[in-house]
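So that the names make sense, note that chain A is the first sequence line, chain B the second, and so on, each numbered from 1.
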Number of protein chains: 2
Amino acid sequence: MRDTAGYEPLDERARNILMAVVQSFIQTAEPVGSRTISKRFEFGLSPATIRNVMADLEEMGFLEQPHTSAGRVPTDKGYRYYVDHLQGPEALSAEEAALIAQRFPPYRGEMDEVIAEISRLLSELSRYAGIVLRTLASAVFSRVELVKVRGPQVLAIFVLESGMVHHKLITLEEEMTQDELQRIANYLNQEFAGQPLRLIRQRIAERMAEEKVQYDQLLRQAMQVGGKTFEEAAKKDEEIVLGGTANIIDQPEFQSNTERMKELLRAFEDKSRLIRILDKCLEEPGVNVIIGSETPFKDVHECSFVTRTFHSGDRTIGVLGVVGPKRMAYPRVMALVDYTANLVTQLLTQG
Amino acid sequence: MRDTAGYEPLDERARNILMAVVQSFIQTAEPVGSRTISKRFEFGLSPATIRNVMADLEEMGFLEQPHTSAGRVPTDKGYRYYVDHLQGPEALSAEEAALIAQRFPPYRGEMDEVIAEISRLLSELSRYAGIVLRTLASAVFSRVELVKVRGPQVLAIFVLESGMVHHKLITLEEEMTQDELQRIANYLNQEFAGQPLRLIRQRIAERMAEEKVQYDQLLRQAMQVGGKTFEEAAKKDEEIVLGGTANIIDQPEFQSNTERMKELLRAFEDKSRLIRILDKCLEEPGVNVIIGSETPFKDVHECSFVTRTFHSGDRTIGVLGVVGPKRMAYPRVMALVDYTANLVTQLLTQG
DNA sequence: TTTAGCACTCAACGGCAAAGAGTGCTAACA
DNA sequence: TGTTAGCACTCTTTGCCGTTGAGTGCTAAA
């Protein structure tokens, strides 16, 4: 939900007509005219009256015309108003809910496969693209194991409080024995267990600057290894998976315009930008909708994002959702995303 | 290289003209007529003569006409003949080779990032899609570490001879102590170090059937854990990454035909089919070319694959390559793929 | 054997008129 | 005063049609 202030007040009739335009356009992808609305919806108003109202709505910035003699199309502001104030909440049908639950992947501590499967599931059910971001930003450290691989290469496996496991291959400045590594691991576990990764990184940076670290060999080595372990982790802090991008080709708005389509597919290949967008969603509670130009990235201004965070216990693990054209079936997709996020949370929490 | 037998012998002139048609079509994506060839190539032949030869080539199945009054287009058989017998080997320019070497990712035992980066590199340089398959089929086991996570969950980390590291979370039937796990790991290391994963799986299956295993607790437990460890590994035996799929949208043959484009993008999303295709390439030494209908999968009949295996020492690690339209700049792409595969092999071998 | 000439085919292009959807404005109506 | 019918106007879409041009196959001459 965005701030609702700053809108000119719309009377009942204007709201109804705006709703009719948005819904009709979402269904047909054709600009909608006054005649169409007058026929298809039972407002008991003539096209002429509707025209007047639509002209008002256009002036207020909710609608626009592709060209003079065409019908109207919602603007981003129009979609926003629709999402925030007009659409009723839609529940998933029982069959659909059952279908999702049935297709739900099993979880055995390996997030990667779950993420991939969920994004596929979301894309199939929405017929748009599915997207999942997994973050370690608020992950809590539980334990690390250090395994000598060969030479100065060491495998650091760290287990998170949520039961998730990550591993990183790090290269030390000087070779150490497995015994030394064991001692270091013990130290790190004792010192940092139960703390968020974010904080640990900070602590290590602080300690390394402290004087006494210079004199204590174990401490010095521990900080070196710990630094590498947790710093390296940062690189994989966020993992993002997209599924079903081919679905967007079916959308008529891109069919005719291959230029836009190319732009969009390229945007989807550049994960870093998507991460930036979804990062914002991590802070939003509940189902979050981003419409077209509400993101700062021009190549996705023709898209909307519907997302929701998912958790393990009270830790935020990531965010999942659907990317589709602005002309998206919002109520349905929002219900789908909400339901799926709940299921994932359940899976991770009790798993 | 395919079998060269079974071709009607082509005389010098026919070969030249076939080559001209293929090259011209690769360049322009337009069906090529007799007039064009007569002008652009210095054969000293009139269009009429060329027409006769082209008619012969069409009868033999090397060329075809989209419609009566259009020029000719190579068939898959035509491309095949071109690739096998007509194109000269092309070397990468020094600048390009340098560019690749410079953009080459560093390697520190983590394959995942290398694979992703290589596929991106291949796609950027070829302007088609880059593809990399990593396989464990011929991987050799070096060492395993078993780490208790919580309850019956155990993290199995296995190091391969090539220095690569994989991990799998497995769930035991009964909880074990870290000490027991350590003993089991020792046993597995002693027993199986230096053997291919493939073979190990087989051995374990055999042993589990043996009678004496029933009486020896350590052995029984070891087989149970080993079975899970190596069996689980099979699931991730093959990993495939595609980069730059958006590039294919630029190809004129797909621009006009969104139906084909959709089909192709969907095919790219179904990794299992791509794996099947690339699996075949694993057995081919040298640069391998697959043209259109030479794969059994209809959705990629408009594409060609150019691939080459890469190695660590004498072990095959995977296969990399480029996927593009059949109308592909074969000599250039083949040189690129060859060079890149060599670099990767070098990286993995000395790394 | 090669080539010039010719009749033929067919996609592509441009122009044009008709159709159709939609609008804004005005005047009449309840 | 709000609503609506009517109307003139705009502009895209569609279909039609003739023209153009690239390309072919065939035949007959060099």
- Length of the line joining A:Asn52:CG and D:dT4:C1', which is rounded to integer Å: 9 Å
- Between A:Ile37 (CD1) and C:dG22 (P), how many Å, whole number? 10 Å
- How would you label the contact of B:Thr68 with the nucleic acid (heavy atoms, under 4.0 Å): base, sugar-phosphate, or nothing? sugar-phosphate
- Once you round it to whole Å, what is the distance between P of C:dC29 and CG of A:Leu45? 21 Å
- Task: Could you tell me how the ring of B:Phe62 sits relative to the ring of B:Tyr81: parallel (under 30°), tilted (30 to 60°) or perpendicular (over 60°)?
- Result: perpendicular
- What nucleotide among C:dG24, C:dA4, C:dT2 has an atom nearest to a side-chain atom of A:Arg72? C:dG24
- Message: Measure CD/A:Glu30 against C1'/C:dG20 and give the value in whole Å, please.
- Response: 13 Å
- Message: Using the side-chain heavy atoms of B:Met54, tell me which of these nucleotides is nearest: D:dG25, D:dT24, C:dA11.
- Response: D:dT24
- Query: Nearest of D:dA5, C:dA4, C:dT2 to any side-chain atom of B:Ala48?
  - Reply: C:dA4
- Query: Under 4.0 Å between a side-chain N/O of A:Thr49 and OP1 or OP2 of D:dA5, yes or no?
  - Reply: no
- Mind running side-chain contact (heavy atoms from CB on, under 4.5 Å) on A:Leu265 and B:Leu265 for me, showing each step along the way? CA-CA 11 Å; A:Leu265 284 183; B:Leu265 285 182; 3.7 Å; yes
- Specify the separation, in whole Å, of atom NE2 of A:His67 and atom C1' of C:dA21. 9 Å
- Task: Measure the distance from CZ on B:Phe43 to P on C:dT3 and round it to the nearest whole Å.
- Result: 13 Å
- Note on the structure: Checking D:dC11, D:dT4, D:dG23 against the side chain of B:Ser69 (C-beta onward), the nearest is D:dG23
- Note on the structure: Rounded to whole Å, the CD-P distance (B:Gln65 to D:dA22) equals 16 Å
- Below 4.5 Å, heavy atoms only, C-beta onward: do A:Glu269 and B:Thr245 meet side chain to side chain? yes
- Message: With hydrogens left out and only the distance checked, is there a donor-acceptor pair under 3.5 Å joining B:Arg35's side chain and the base of D:dG23?
- Response: no
- Message: I need the A:Leu320 CG to A:Ile240 CD1 distance, nearest 0.5 Å.
- Response: 11.5 Å
- Message: Rounding to an integer number of Å, can you tell me how far B:Arg51 CZ sits from D:dA22 P?
- Response: 14 Å
- Message: Has B:Asn247 got a side-chain atom pairing as donor or acceptor with B:Ala129's backbone, closer than 3.5 angstrom?
- Response: no
